[in-house]
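Reading through the structure tokens given below for one structure.
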Amino acid sequence: MLVAMADVGVPAALPTLLVVVLLASAAGVLGVLVLGDAALRAVGRTNQDALVVGVLLGLVLLSWGFAGVVGLLSFAAATAVGFVPTRLGCKRVHLMGVLVGPLALGL
């Protein structure tokens with residue numbers, strides 16, 4: 001985040017950034033308290049099959065839009081890897097180390 005802010009030219013003034021974080025978190029909490037129940041009811045009424053197909057289609061379009069054929073191939077490979085835990089009978093939460101390791105090392 002700090003690299004992105006430096007590229008845009010935002011000054012790294014800690015008091016200002018803390019105020020912005022506090023305001024954003026307060027807005028998020030109020031949004032959940034005010035809109036949370038209505039959003040939950042709306043999601044509960046949604047056709048789950050249509051929702052899954054829509055999300056899958058959106059992910060395919062994003063992969064194609066950002067990376068073309070390479071993105072689609074990467075998406076297909078990631079999908080295949082995502083099926084491995086269920087085939088081996090392990091819980092998906094155990095694969096989070098695959099993400100945390102490279103992120104911690106900055107890769």
Residues in side-chain contact (heavy atoms from CB on, under 4.5 Å) contact with T79, at least two apart in sequence or another chain: F75, F83

Separation between CG of L56 and CG of L61, rounded to the nearest 0.5 Å: 9.5 Å

Single-linkage hydrophobic cluster V53~V60, side-chain heavy atoms < 4.5 angstrom: no

Partner residues of L35 under the side-chain contact (heavy atoms from CB on, under 4.5 Å) criterion, sequence neighbours left out: none

L59 side, atom CG; L72 side, atom CG - distance, nearest 0.5 Å: 11.5 Å

Hphob cluster co-occupancy, V8 + L17, side-chain heavy atoms under 4.5 angstrom: yes

Single hit among L22, T16, L23 for side chain to side chain contact (heavy atoms under 4.5 Å, CB included) with V19: L23

Nearest non-hydrogen partners of T46 and L51, listed with the distance: CG2-CB, 4.1 Å

